[in-house]
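Have a look at the structure below, then the notes.
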Number of protein chains: 2
Amino acid sequence: MTVTIRDVAKRAGVSIATVSRVLNQSKPVSEELRNRILQAVEETGYLPNAVARSMIRKQTGLIGVIIPEISNPYFSGLVQGIETVAKQNQYYLMLAVSEKEPGRERELLRIYQARQMDGIILASARLDPELRQALEKLAVPYVVIGQRLTGLNAPCAVLDNRRAAFEAVSHLIRMGHREIGMVSGPMWDLASGKERYQGFRDALEEAGLPFRTEWVTEREGFHLHDGYEGMKVILGAPERPTAVFCACDRMAVGALRRLEERGIPVPEEMALVGFDDEELASIVKPRLTTVRHSPFDMGLKAAGLLMEILKGLPLTDGTCALVKHDLVIRESSSLSLSPRP
Amino acid sequence: MTVTIRDVAKRAGVSIATVSRVLNQSKPVSEELRNRILQAVEETGYLPNAVARSMIRKQTGLIGVIIPEISNPYFSGLVQGIETVAKQNQYYLMLAVSEKEPGRERELLRIYQARQMDGIILASARLDPELRQALEKLAVPYVVIGQRLTGLNAPCAVLDNRRAAFEAVSHLIRMGHREIGMVSGPMWDLASGKERYQGFRDALEEAGLPFRTEWVTEREGFHLHDGYEGMKVILGAPERPTAVFCACDRMAVGALRRLEERGIPVPEEMALVGFDDEELASIVKPRLTTVRHSPFDMGLKAAGLLMEILKGLPLTDGTCALVKHDLVIRESSSLSLSPRP
DNA sequence: GTGAAAGCGCTAACAC
DNA sequence: GTGTTAGCGCTTTCAC
């Protein structure tokens with residue numbers, strides 16, 4: 001049925017070893033035999049079986065990628081970045097989505113290991129103890145995206161969420177705001193939830209501003225709807241803050257919706273800051289002040305780290321690539337409450 | 001180094017065949033041996049090598065996916081759909097991105113075949129003759145997403161772009177518009193470019209409306225920017241249409257930008273219709289009338305077809321899954337120029 | 001029930 | 001330079 005190296009060898013009147021040598025250019029072969037072999041390959045339409053090859057070489061040339069979801073610009077950006085590096089290095093990608101199934105990540109790690117991935121890249125929001133344990137006994141080199149794994153000295157690519165959130169809120173403070181609320185993401189998401197929340201508190205603290213619980217709300221997700229509901233909660237407080245920091249752009253847009261409904265003008269009566277600088281952020285009216293960072297870059301960096309590991313380059317324990325961020329100031333926060341200092 | 005089936009067999013004091021039988025439940029094994037083996041597996045942390053298994057079984061349980069780009073909600077939606085079906089059927093995904101490298105798809109088809117994919121799903125906008133040729137000699141079952149391959153009787157999952165565009169433009173006509181322009185995508189994209197353009201012309205023709213070349217512009221891509229420039233061109237004409245159909249939402253949003261700059265109110269002086277119903281469409285002001293369809297569904301259907309093929313179910317030649325669409329009427333076209341008939 | 005042995009398609013010693 | 005051969009780790013006859 002399918003043509004194998006034997007068929008090619010027979011047709012060219014040589015041994016299979018010689019065919020292999022030509023195909024892999026692993027050893028010199030005489031001009032004449034080489035031509036006969038190449039011709040036989042041509043005629044038979046022979047395509048080497050990569051599975052058999054992987055088995056011997058003990059490398060598959062495959063990288064396993066695990067992400068929580070794909071229809072989310074953040075994760076698809078990551079994948080794009082990873083794919084770019086993989087392609088440059090002649091690696092191919094396996095992709096699996098882990099969301100909505102507890103324990104799926106652990107299962108996927110096992111499967112990827114059984115499938116002999118050369119490396120694994122894991123982007124998970126919920127790095128619980130079981131998952132850490134699974135990582136510890138993982139026999140495949142891996143890189144984590146999105147958060148540092150304290151304890152494990154796993155290489156990772158991360159954003160300084162806390163610092164970025166701090167800067168975003170500090171910007172509001174510089175604009176004269178002293179009453180600032182936050183629509184936060186869930187705390188189990190260490191990176192986009194907890195760290196951004198901490199950055200918010202850091203900024204208040206540094207400025208000596210009070211933390212008012214009624215102006216802070218933790219949502220269950222990061223969607224438009226969560227922002228909408230979050231703003232509803234905040235507006236339900238007896239007093240109203242003059243600015244609100246949202247854990248991501250979609251939430252900020254949701255919050256904006258609610259403000260519109262209530263007829264509260266942004267930024268005149270309420271300044272708003274988001275996070276991520278999705279395409280959304282500059283399309284909405286008023287355009288959103290937000291923290292720009294590049295998931296694509298993150299993917300690039302993570303895959304870059306993995307490539308170094310696979311090349312056998314010695315990485316310092318716990319090497320982490322820090323991905324840069326920038327505050328992008330737009331209309332939603334551009335009005336000073338008082339003259340700048 | 002790595003523990004193999006031999007190690008397990010030795011430790012349990014049985015032959016490797018028996019270990020295999022227990023692990024695959026392929027033949028009955030006595031309670032006692034089974035327990036010893038399971039224990040040995042446990043103790044050694046043995047994980048069967050899926051590559052070796054694939055080699056013998058001549059199936060990898062892998063399906064190869066090829067898409068032009070990933071950071072685009074349409075394609076990531078597709079992948080999400082494919083992944084869902086794959087997971088249900090215990091298949092895993094390889095993913096490769098083909099854009100910006102001519103001939104890359106053909107190369108990927110070869111690579112996927114060499115890597116013994118059980119099936120392939122191809123989403124390509126540019127199905128040129130070379131690619132068709134490559135598909136003809138492909139020895140792996142495959143499904144195409146996005147367009148019918150006339151000639152090849154390849155299974156596919158498609159949207160009726162022409163019909164949907166026809167309906168969108170007919171809606172404008174019903175709203176009283178008689179002077180309608182279009183910002184079109186590139187014609188080499190048969191589905192989102194050519195077919196939508198044809199639907200536009202069909203609608204004009206059916207209504208007996210004139211086709212004015214100065215109100216129609218073909219762009220090179222499907223981005224915001226293309227829509228912006230497209231509207232610029234149309235507004236440059238001596239007269240101005242009262243409505244414009246855009247080949248996709250992003251282009252419509254770009255067009256909107258231009259109209260805003262020129263101070264032309266939508267829908268009062270210019271109605272606008274998009275296509276795709278991206279999240280964008282209902283966030284922008286005014287909210288966009290558009291054609292809704294589900295890339296996720298399309299991925300589901302395509303993968304579903306592939307699963308049937310892999311199960312050996314006989315498919316009628318050229319079976320195509322048609323994915324449904326709906327016109328979603330929103331503010332951008334909600335003003336009648338004249339009373340409805 | 002269980003084990004020995006024959007491969008799957010290929011690469012890499014090892015001989016000549 | 002080239003061919004022979006021994007596996008890679010596993011499943012699956014085929015005997016017992």
Side-chain angles (χ1 to χ4, degrees), chain A residues 1-38 40-41 44-62 110-118 139-140, chain B residues 1-38 40-41 44-62 110-118 139-140:
Chain A
M1 254 294 308
T2 73
V3 23
T4 76
I5 198 171
R6 292 212 121 64
D7 302 315
V8 175
K10 203 169 296 174
R11 185 170 196 116
V14 298
S15 74
I16 59 168
T18 308
V19 176
S20 174
R21 284 174 194 130
V22 170
L23 263 33
N24 298 297
Q25 308 186 50
S26 50
K27 283 204 170 174
V29 171
S30 72
E31 188 70 22
E32 190 202 334
L33 289 198
R34 188 230 269 12
N35 288 143
R36 288 213 322 252
I37 290 168
L38 258 24
V41 167
T44 54
Y46 169 66
L47 211 52
N49 182 325
V51 172
R53 181 177 286 178
S54 297
M55 183 141 111
I56 297 179
R57 293 217 182 131
K58 297 190 175 315
Q59 312 184 26
T60 52
L62 255 31
R110 274 180 63 85
I111 289 170
Y112 277 173
Q113 181 171 341
R115 283 187 178 273
Q116 315 296 118
M117 297 295 104
D118 289 347
V140 179
Chain B
M1 256 291 309
T2 72
V3 21
T4 76
I5 197 172
R6 292 213 120 66
D7 303 314
V8 176
K10 204 168 295 172
R11 185 170 197 115
V14 298
S15 73
I16 61 169
T18 308
V19 177
S20 173
R21 285 175 191 128
V22 170
L23 263 35
N24 298 297
Q25 308 186 52
S26 50
K27 282 204 170 175
V29 171
S30 72
E31 186 71 21
E32 191 202 335
L33 289 198
R34 189 231 263 15
N35 287 144
R36 288 212 320 252
I37 290 169
L38 259 23
V41 166
T44 54
Y46 171 64
L47 211 51
N49 182 325
V51 172
R53 182 176 286 176
S54 298
M55 181 142 111
I56 297 179
R57 294 219 181 128
K58 298 189 176 315
Q59 311 185 23
T60 52
L62 254 31
R110 273 180 64 86
I111 290 169
Y112 277 172
Q113 179 171 341
R115 283 188 178 273
Q116 314 296 118
M117 298 295 104
D118 289 347
V140 179

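Heavy atoms only: backbone and side chains are in, while hydrogens, waters and symmetry mates are out. Sequence lines set the chain letters: A, B, ... in the order given, protein chains first and strands last, and positions in each chain run from 1.
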Does D:dG9 have OP1 or OP2 sitting under 4.0 Å from an N or O in the side chain of A:K58?
->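 Yes, within the criterion.
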Any side-chain N or O of B:S20 less than 4.0 Å from the OP1 or OP2 oxygen of D:dT11?
->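 Indeed, a polar side-chain atom of B:S20 lies that close.
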Side chain of [X] only, please: which of [options] is the nearest?
X     : options               : result
A:M55 : C:dT2, C:dG9, C:dC14  : C:dG9
B:I56 : C:dT2, C:dA12, C:dG7  : C:dG7
A:N49 : D:dC10, C:dC10, C:dG3 : C:dC10
A:N24 : D:dT4, D:dC10, C:dT11 : C:dT11
B:T4  : D:dG9, C:dT2, C:dT11  : D:dG9
B:V29 : C:dT2, D:dT11, D:dT2  : C:dT2

Round to the nearest Å and state the distance from [X] atom [atom1] to [N] atom [atom2].
X      : N      : atom1 : atom2 : value
B:I5   : C:dT2  : CD1   : C1'   : 14 Å
A:L33  : D:dG1  : CG    : P     : 10 Å
B:E31  : C:dT2  : CD    : C1'   : 16 Å
B:Q113 : C:dG9  : CD    : P     : 14 Å
A:R57  : D:dG7  : CZ    : P     : 20 Å
A:R115 : D:dC10 : CZ    : C1'   : 14 Å
B:D7   : D:dG9  : CG    : C1'   : 11 Å
B:K10  : C:dG3  : NZ    : P     : 15 Å

Presence of donor-acceptor pair under 3.5 Å, side chain of B:R21 and base of D:dT13 =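 Answer yes: a donor N or O sits under 3.5 Å from an acceptor.
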Base, sugar-phosphate, or nothing for B:V51, non-hydrogen atoms under 4.0 angstrom?
->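 No contact.
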Touch check for A:I16, heavy atoms < 4.0 angstrom, all strands: base, sugar-phosphate only, or nothing?
->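 A:I16: base contact, heavy atoms under 4.0 Å.
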Report the residue (B:Y46 or A:K27) whose heavy-atom-nearest nucleotide on DNA chain D is the more 5′ of the two.
->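 Going by which nucleotide is closer to the 5' end, it is A:K27.
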List the atom of A:V29, the atom of A:R21, and the distance in Å for their closest heavy-atom pair.
->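 Looking at all heavy atoms of both residues, the closest pair is CG2-CB, 3.7 Å.
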Taking every non-hydrogen atom, the tightest pair across A:A12 and A:A40 =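 Distance-wise, the nearest heavy atoms are CB-CB, 4.0 Å.
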Could you check B:G13 against A:L23 and say which one's nearest nucleotide on DNA chain C is further toward the 5' end?
->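 It is B:G13 whose nearest nucleotide is closer to the 5' end.
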